[in-house]
Amino acid sequence: MARRYDCTDSTDRKTGLREAASAVRRGELVVLPTDTVYGVGADAFSPDAVGDLLEAKGRGRNMPSPVLVGSPNTLHGLVTDFPESAWELVDAFWPGALTLVARHQPSLTWDLGDSRGTVAVRMPLHPVAIELLKEFGPMAVSSANLSGHPAPQDCDAAQEMLGESVAVYLDGGPTPDSVPSSIVDVTGKTPVLLRAGALSAEELRKVVPDMEVAS
């Protein structure tokens, strides 16, 4: 039976974070708040857990799961050929609503879907999410909705859609914004904005003036 914890209560939050980390270690799914929408997360290095995540959402392997991290330093073990412009974006906008698509280390034994050697990675600006990520490590996290449905801004909406497929729900109250993160591809010589979200092209170009916008 799914367990739910009120993270606005300090005691419940501490218990919930401990239980969520334990659930992820067991290969189970958890729902957590972020600075954009609620996410459903799993151990990024467990192909079975990531498969369960995609199945719970009704999502195909052609839409691989992003990875959330609790610190920019985690990037050193996850990505390769990370250009200086990408580090400048990290310095300017992390933690926050910026997802970077980078080449992942070829030695990593993970299966996030049909990612073709890349990973979409972000550090969210939410204390509950960061605490869980620092406790557990990198997690595959996608919006906590059934594919084709709106991404949830509160725990009730996430639980209504995902139900018992999730072991632990961390309720952090309504998320501050429903706008998704902006996505920038940093795998090439020039950064490319794939999706304008919470950060506009104008804001991003203040840091990387040569950034292109995907057509």
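Heavy-atom basis, side chains included; hydrogens, waters and symmetry copies ignored. Predicted model only: the values in this text are computed from it and were never measured.
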- Message: Donor-acceptor check, side chain of Asp154 to backbone of Pro174, threshold 3.5 angstrom: yes or no?
- Response: no
- Work out which heavy atom in Val141 is nearest to a heavy atom in Gly41; give both atom names and the distance. CG2-CA, 3.9 Å
- Query: Would you say Thr36 and Arg122 make side-chain contact, with heavy atoms under 4.5 Å?
  - Reply: yes
- Check whether any side-chain heavy atom of Thr187 sits under 4.5 Å from a side-chain heavy atom of Asp81, and report yes or no. no
- Query: What pair of heavy atoms forms the shortest contact from Pro191 to Asp210, and how long is it?
  - Reply: CD-OD1, 4.0 Å
- Message: Checking the side chain of Arg4 only, and the main-chain atoms of Asp171 only, is there a donor and an acceptor separated by less than 3.5 Å?
- Response: no
- Side chains of Thr175 and Tyr38 in contact at under 4.5 Å (non-hydrogen atoms): yes
- Query: Are Val184 and Val192 close enough that some pair of their side-chain heavy atoms sits under 4.5 Å apart?
  - Reply: no
- Query: Between Gly58 and Ser147, what is the shortest heavy-atom contact and its length?
  - Reply: O-CB, 3.4 Å
- Query: Which heavy atom of Arg3 sits nearest a heavy atom of Arg26, and at what distance?
  - Reply: NH2-NH2, 3.4 Å
- Message: So does Ser200 get a backbone contact from the side chain of Glu203, meaning a donor-acceptor N/O pair under 3.5 Å?
- Response: yes
- At what distance, to the nearest 0.5 angstrom, does CD of Glu131 lie from NZ of Lys14? 11.0 Å
- Message: With salt bridge (Lys or Arg N to Asp or Glu O under 4.0 Å) as the criterion, how do Glu135 and Arg25 come out once you've worked through the C-alpha distance, each side chain's angles and the decisive distance to 0.1 Å?
- Response: CA-CA 11 Å; Glu135 170 69 21; Arg25 290 188 187 100; 3.2 Å; yes
- Message: I need the Ser182 OG to Leu194 CG distance, nearest 0.5 Å.
- Response: 10.5 Å
- Task: Compute whether any side-chain donor of one residue and acceptor of the other, for Asp6 and Thr8, lie under 3.5 angstrom apart.
- Result: yes
- Message: Can a donor-acceptor pair be found, under 3.5 Å and without considering hydrogens, that links the side chain of Thr15 to the backbone of Thr11?
- Response: yes
- So, for Ala20 and Leu170, which heavy atoms are closest and what is the spacing to 0.1 Å? CB-CD1, 3.9 Å
- Could you tell me whether a side-chain N or O of Ser46 sits under 3.5 Å from a main-chain N or O of Asp43, the two making a donor and an acceptor? no
- Mind running salt bridge (Lys or Arg N to Asp or Glu O under 4.0 Å) on Asp185 and Arg195 for me, showing each step along the way? CA-CA 10 Å; Asp185 185 336; Arg195 180 180 76 189; over 6 Å; no
- Contact check, side chains of Leu133 and Val69, non-hydrogen atoms, under 4.5 Å: no
- Glu164 side-chain N/O to Ala2 backbone N/O, donor-acceptor pair under 3.5 Å: yes
- Min side-chain heavy-atom separation Leu68-Pro138 under 4.5 Å: no
- Query: Taking Ser143 for the side chain and Asn145 for the main chain, is one N or O donor matched with an acceptor at less than 3.5 Å?
  - Reply: no
- What distance do Arg13 atom CZ and Asp9 atom CG have between them, rounded to the nearest 0.5 Å? 10.5 Å
- Task: Return the minimal non-hydrogen interatomic distance between Ile130 and Gly70, and the atom names on each side.
- Result: CG2-O, 4.1 Å
- Item | Main-chain N/O of Leu146 paired to Lys57 side chain as donor or acceptor, under 3.5 Å | no
- Query: Hey, are the side chains of Val90 and Met123 touching, using non-hydrogen atoms and a 4.5 Å cut-off?
  - Reply: no
- Query: More than 12 non-hydrogen atoms from neighbouring residues, nucleotides or ligands closer than 6.0 Å to CD on Glu55, yes or no?
  - Reply: no
- For the residue pair Ser142 and Arg59, confirm or rule out a side-chain donor-acceptor distance under 3.5 Å. yes
For residues 92-109, dump all side-chain donor-acceptor pairs below 3.5 Å to protein atoms at least two apart in sequence or in another chain.
from	atom 1	to	atom 2	distance (Å)
Trp94	NE1	Leu98	O	2.9
Thr99	OG1	Ser181	OG	2.8
Gln105	NE2	Val79	O	2.9

- Spatial distance of atom NZ (Lys189) from atom OG (Ser85) [nearest 0.5 Å]: 13.0 Å
- Item | Rounded distance [0.5 Å steps], NE2 in His126 versus OG1 in Thr34 | 7.5 Å
- Mind telling me whether Trp87 and Phe82 have parallel, tilted or perpendicular rings, with 30° and 60° as the class edges? perpendicular
- Hey, does Met139 have a side-chain heavy atom less than 4.5 Å from the side chain of Val67? no
- Message: Out of the candidates Leu162, Leu29, Val30, Leu32, only one should pair with Tyr169 under the side chain to side chain contact (heavy atoms under 4.5 Å, CB included) rule; please name it.
- Response: Leu162
